[in-house]
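Working notes for the structure below.
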Amino acid sequence: MKKRIFIYFGIISILLAFLPFFSFEAFVSLSGRLYIDKPGYILIKEKDDYIYYSNGNITEYLTEDEIPNYVFEYLIGLEDQNFYNHKGYDIKRIVKSLIDNTVSNKIVGGGSTITQQLARILYLNNEKSYARKLEELYYARRIENSLSKKEIITLYLNSAYFGENLYGFEKACQSYFACSGKFATKQMSIFLLSLLPSPNNYSPRKNINTSKIIYEKAIDNLYYRHYIKIDEISELKNNYPYKDNIENKNNLNISYYQAIADSLNKKQNLRTNSFEINPFLDVDLEKDIYKYAKECVTEKDAEVSIVVMEPNTFKVKALIGGINDFSFNRAIFSNKIIGSVIKPILYTIALEHGVSPLTKILSKPTTFYLENGVSYSPKNAGNKYANRNITMVEAIATSDNIYSTKIGLLLGSKMLKNRLAKVVIDIEENVSNYLGSISTSLIKITSIYNSLASGGIYQEPIYYSSYKINRNEKKNETNKIQLFNPKESLVMCHLLRASTDPCFNSYTAPTMLYYPVNKKMAIKTGTVDSASFVIGFTPYATIGVYVGKDDDQYLNDKKAAKRLFQKVANRVNEKNGDAFFKADDLTPFQLYNSAKGIKSNIYYY
């Protein structure tokens, strides 16, 4: 055993002797804020703050001035008392660790300084081996050559793992105490720092008694090491800061970051490059939308996704992929049957091929006999039928299934299939497609509606105008296609106002009649057994809302999506003008409901 100790000690001693003579280039850059140059990390500017996103993990960044001074002092007292004197490694600690490991005949401790721990977080993994320890020493020396001590300890606090998918002091403080790390008390600070040696095992959510023991032990160590005074001990120990009724909050914007990562990964290799992003995210809007979603959707196991984007630019201003489970982004990754929100796409194609908004079709219970000998009998919601000829305007208002089926059969199955193929939605030729038996993501169908609001031009949604890859700036370029003709797109923009038009309240009510919004808006709903959709737009914003079950079980509260859309739309519209889409070159018309004695909105063809 003694022989092994001397061999290991000799190797480490030689390395440490030569480390000071190595030439280390700076690899952590400074430009007012530390930049983690690590493959797979995305630096995102969020309002006045910065966060780091990587593979579902979020680090919210605090600057040196925003962190209370005692947090730095307590961290040094607990983790690395010689921090300000060493050059990244502490020889005494390494020798002690080497002896302990050899006596135990396994690696039980690494003697790592704060700088070494930072090196491991940023550039290595948690493997316990002497080879990894040598790499850690190398990177620690490079970090010390690049940054000041205060910068190193600040970066460490912003990168350290506090358990339960919490990275960084700010995120941990928000989760455990529902407050920012800027306002962390001494008790909160000691509590969080005491978790660092074994975050998952010391979590009070796992074992509060263990947590209290570790917390008090940390206070004792800080006293013995002269970082707190004797008269502070009693107050600190008697005020254990964690309360088990604090909600473990996830970052509400994580779905947006996932969308950024997905977008970047389509352009560059996310795993081998580092990125810096200034997104279009409206943080305040997203916060409000999340609050509305929690208020409106209360059914057990029901989940939500919401998208808000700008017409013409396709900038995504808000994106929520869930309200209970944040691990899966339903807005971009979940393909669901969309139901009647397919109809405006079908009807716009029909307009392009000579069908008029005033084209009348008999709506009554109908069985269709198809070429392959199969019969098909679509039904309206609630089995309610006009039992008379209705126009396309009324069919949109009431989401009439007989009208859309007949229009689809008139056009032929390839028309819809070929149009959707332009936006990479592949469907089989099936008569039920005309009622929306098609599966796609909320972000995709919302983008298609956004093209109607953009003169028929479609492009992939964008989350940032440019990005820095390994500190080199590149533009975020996307291709545009003319998905619909401009004239027919404009006609459809106005026809979709029928969903709130009381003139069409007859054999059934317009689908959004009882959920009016504060501005003129084009809106369409879609409902299937397991989900509800509402998508609508103005010249200023397009909003997509989905409420449904992940496992496709029956959704009881079919009106939740309408309530939610109403709240989101009113919030989005409040800062926008009253102007709707100009239709100077189109021919206006109105319809009249003689039974109610009211005229419709003005529509166009």
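The structure presented is a predicted model; accordingly, all values stated were derived computationally and were not measured.
For Glu460, the side chain to side chain donor-acceptor pair (under 3.5 Å) test picks out Lys444, Tyr458, with sequence neighbours left out. Residues satisfying the salt bridge (charged side-chain N to carboxylate O under 4.0 Å, His left out) test with Lys266, not counting sequence neighbours, are Asp262. By the side chain to side chain donor-acceptor pair (under 3.5 Å) test, Asn573 is found to be paired with Asn518, residues two or more places apart in sequence or in another chain being considered. Listed by chain and number, the residues in a side chain to side chain donor-acceptor pair (under 3.5 Å) with Thr185 amount to none (sequence neighbours excluded). With sequence neighbours left out, the ring-ring contact (aromatic ring centres under 6.0 Å, His included) criterion links Tyr215 to Tyr240.
In terms of heavy-atom proximity, Ala259 sits nearest to Ile332 at CA-CD1, 3.7 Å. The minimum heavy-atom distance linking Asn239 with Gln187 is given by the pair O-CG, 3.4 Å. Of all heavy-atom pairs spanning Ala331 and Ser441, the tightest one is O-CB, 3.8 Å. Residues Ser180 and Cys173 share a closest heavy-atom pair of O-SG, 3.8 Å. Ala218 and Ile190 make their closest contact through CB-CG2, 3.9 Å (heavy atoms, listed as atom of the first residue, atom of the second, distance).
Both the sub-6.0 Å distance and the 45° axial angle are satisfied by Lys150 relative to the ring of Phe72.
Between Glu232 and Lys186 there is a salt bridge, since at least one side-chain N of the basic residue sits less than 4.0 Å from a carboxylate O of the acidic one. Under the 4.0 Å criterion applied to side-chain N and carboxylate O atoms, Lys549 and Glu299 are assigned as salt-bridge partners. Ion pairing between Lys149 and Glu144 holds under the 4.0 Å rule for side-chain N and carboxylate O.
Remark: the Asn324 side chain and the Lys294 side chain contain an N/O donor-acceptor pair separated by less than 3.5 Å. Side chains of Tyr464 and Ser263: a donor-acceptor N/O pair is present below 3.5 angstrom, by distance only. Side chains of Glu164 and Ser203: a donor on one and an acceptor on the other come within 3.5 Å. For the residue pair Ser466 and Glu473, a side-chain donor N or O sits within less than 3.5 Å of a side-chain acceptor on the partner.
Checked against the 6.0 Å centroid threshold, Phe162 and Tyr176 do not count as a close aromatic pair.
Other residues, nucleotides and ligands place no more than 12 heavy atoms under 6.0 Å from the CG atom of Asn479.
The backbone N or O of Tyr292 lies less than 3.5 Å from no partner atom in the side chain of Glu295, so there is not a single donor-acceptor pair. Listed for the Glu303 side chain is no donor-acceptor partner under 3.5 Å among the backbone atoms of Gly322. Under a 3.5 Å cut-off, the side chain of Ser194 and the backbone N or O of Phe191 do form a donor-acceptor pair. Side chain of Lys336 to main chain of Asp550: a donor-acceptor pair is present (N/O by atom type, distance under 3.5 Å, no hydrogens or angles).
Looking only at side-chain heavy atoms (C-beta outward), Ile121 and Tyr156 come within less than 4.5 Å of each other. Residues Leu281 and Glu286 are in side-chain contact: their nearest non-hydrogen atoms beyond the backbone lie under 4.5 Å apart. With contacts defined as side-chain heavy-atom distances shorter than 4.5 Å, the pair Gln116/Asp80 does not qualify. With contacts defined as side-chain heavy-atom distances shorter than 4.5 Å, the pair Leu196/Leu193 qualifies.
A tilted orientation is assigned to the rings of Tyr161 and Tyr167, their planes being inclined by 30° to 60°.
Summarising the geometry, atom CG belonging to Leu236 is positioned 9.5 Å from atom CG belonging to Asp231; distances are rounded to the nearest 0.5 Å.
The side chain to side chain donor-acceptor pair (under 3.5 Å) contacts involving residues 219-228 comprise Asp220-Lys237, where partners must be two or more places apart or lie in separate chains.
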